[in-house]
Amino acid sequence: MSGSDYDASTSTFSNDGRIFQVEYAQKATNHAGTSIGIKCIDGVVLACENFPKSVLLVPHSQSRVTPISYSIGVVSSGLNADGRHVSNYARDQANSYKKNYHSDIPVGLLADQLSLYFQQYTQFGSYRPIGVSTIIGGYDGKPQLYSLDPNAELYGYKGVAIGKGKTHARTALEQLPFATITCEQAVKEAAKILYGLTHEEERIWEIEMGWITEANNWVFETVPAPILKAAEDEAKKWLEERDA
Amino acid sequence: MEVYSSCGTVLGIKYQNGVLLASEKIINSGKTARYFGIERTKQISPTCLITASGEYSDFQEVTTLLKERQEGDFCHNDNHSISPKSYHSYATRIMYQRRNKQKPYTLRLVVAGIDSAKPFLGTVDLYGTPIVDHVVATGIGEHIAKPILIKAYAENQNMTRDQAEKVLIDAMTVLFLRDCRGYPHLEISGIEIDANGKVQALESKDVEINTKNRWASPNSVDLPI
């Protein structure tokens, strides 16, 4: 994709009807660490792979899977700082809804509000598009899962992946039994999918997962370390067998 | 600054591994008994309870503010939570700020919880004055019931929960027999830490004051004073 004269601003279409800055923003997310969302019968699992910039960093000190309210979490792939800005905005929206209506914001409404917010950044000249794709998972009577791209397109999913491994991950997700899958199983599947992605030799990376489960009263929590470790061990074994 | 729906006395006392609170389950409008069976101990965090006497709507507002703070803290997801001491301080800031706007919340807030594995009990009044103590009484209870609590606590600083509950009910009985807006149905609630260090709010309990054959004279009833 070459930019020509129309690639510096979101305020002008190109001759063939494209807004290049929005497409470039999508590209930025396609180069970032993969994130996965899986909707299960008893909750939602959000997972991602992080690439610590240095061995000096404390393991798991950078976090992309973040809670928005008690029952909603998001994970973003792209520019991490943009991701934090998005989750901050989402928290403000969730909080404002709760203040007004004394109940939790429906996940679909929050996703919609985020989508409108993303859209503004694709339209006004002085803005650049938001450089993240975001997966929104939560519970509002039933498990919900949405994914939002920099071009402000919002879709609901059973399973979704964003980031650089998304093509491979989406193919793998298509194999999952969404009618019966539980969160415990989904954690293992997510670990397998992330381990199954190609990683450069010697590059440090780590998995991070959060979930909203019936077992934890539909409250978001980081997947407890023992469960995550068990899933990672299983994924490593599976990978060895696959590659053998 | 008129109080329209006022909640009566709250009593609180620390015991060996927790804090116990007692409140009358009624809201009055002036001298009229207005709403019955109201439970006004709210849990705002895993380790912290609040309750209050004074305007009920103000209490609901402050509860909302503190719960909002708790949800914000939850969103940090950093294995750290705001302690009851901190909530007491935060509540004090809220109350003091409103007092300086000449729009005080007409409340006497009580903050109870487990802080660093120890019971914590504090109050804030409508001027934003924080007080931390082993026993707490609000409203008219400050004059009538608090001496009973102070005496009981001085005699035994390591009460069991049952002993603490008895002290609270005794004090509430004395209060009920004197307070024209008193109500014999109490909510007993609390929070405690067990031997494993697990903090848990107690299920709130409905207790009815036994008023049979009792008169307003302290000599005619078998009570601490």
Side-chain angles (χ1 to χ4, degrees), chain A residues 46-48 50 58-76 80 83-105 110 136-139 208-213 216-226 228, chain B residues 5 27 35 38-52 55-83 86-87 90-91 93-95 97-98 101 103 105 113 191 196-204:
Chain A
L46 302 174
C48 71
N50 283 335
V58 177
H60 299 287
S61 59
Q62 58 168 328
S63 172
R64 289 203 285 129
V65 182
T66 51
I68 296 305
S69 68
Y70 287 124
S71 53
I72 300 176
V74 301
V75 55
S76 299
N80 281 346
R84 281 199 295 277
H85 173 70
V86 168
S87 50
N88 202 32
Y89 178 79
R91 277 173 200 159
D92 285 351
Q93 292 299 315
N95 181 247
S96 144
Y97 186 96
K98 189 170 253 179
K99 255 187 177 163
N100 286 333
Y101 304 112
H102 245 277
S103 64
D104 292 325
I105 189 168
L110 178 73
I136 304 139
Y139 175 81
E208 190 193 350
M209 286 198 208
W211 62 10
I212 296 131
T213 59
N216 195 36
N217 247 333
W218 302 113
V219 172
F220 175 96
E221 64 174 348
T222 304
V223 174
L228 185 59
Chain B
S5 308
I27 294 173
Y35 304 106
I38 304 293
E39 296 192 346
R40 58 191 151 98
T41 308
K42 306 286 178 197
Q43 184 168 11
I44 51 167
S45 84
T47 56
C48 188
L49 305 177
I50 61 164
T51 182
E55 176 67 44
Y56 189 59
S57 56
D58 283 348
F59 172 60
Q60 287 174 314
E61 173 73 10
V62 173
T63 307
T64 308
L65 291 173
L66 296 181
K67 281 187 173 171
E68 195 183 320
R69 171 57 55 149
Q70 172 63 19
E71 187 158 5
D73 182 48
F74 167 84
C75 286
H76 287 128
N77 199 22
D78 55 2
N79 295 325
H80 175 269
S81 68
I82 299 176
S83 67
S86 305
Y87 273 117
Y90 184 55
R93 291 308 103 215
I94 291 172
M95 300 294 273
Q97 191 185 44
R98 289 291 297 218
K101 285 181 182 169
K103 288 186 282 193
Y105 289 127
I191 189 160
N196 305 321
K198 191 166 178 274
V199 177
Q200 200 159 22
L202 308 172
E203 208 168 302
S204 75

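Lettering of chains follows the sequences in order, A, B, ..., and the numbering in each one begins at 1.
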Separation between OG of S71(A) and CD of E71(B), rounded to the nearest 0.5 Å: 7.5 Å

Parallel, tilted or perpendicular, as decided by the 30° and 60° cut-offs, for the rings of Y70(A) and F74(B): tilted

T66(A), part contacting chain B, at a heavy-atom distance under 4.5 Å: neither

Part of E61(B) within contact of chain A (heavy atom distance under 4.5 Å): neither

Candidate pair K67(B) and K98(A), rule side-chain contact (heavy atoms from CB on, under 4.5 Å), full reasoning: CA-CA 11 Å; K67(B) 281 187 173 171; K98(A) 189 170 253 179; over 6 Å; no

Distance-minimising heavy-atom pair for P67(A) and C75(B): CG-O, 3.5 Å

Flag side-chain contact, heavy atom, 4.5 Å: E68(B) against K99(A): yes

Minimum heavy-atom distance V65(A)-N77(B), with the two atoms named: O-ND2, 4.4 Å

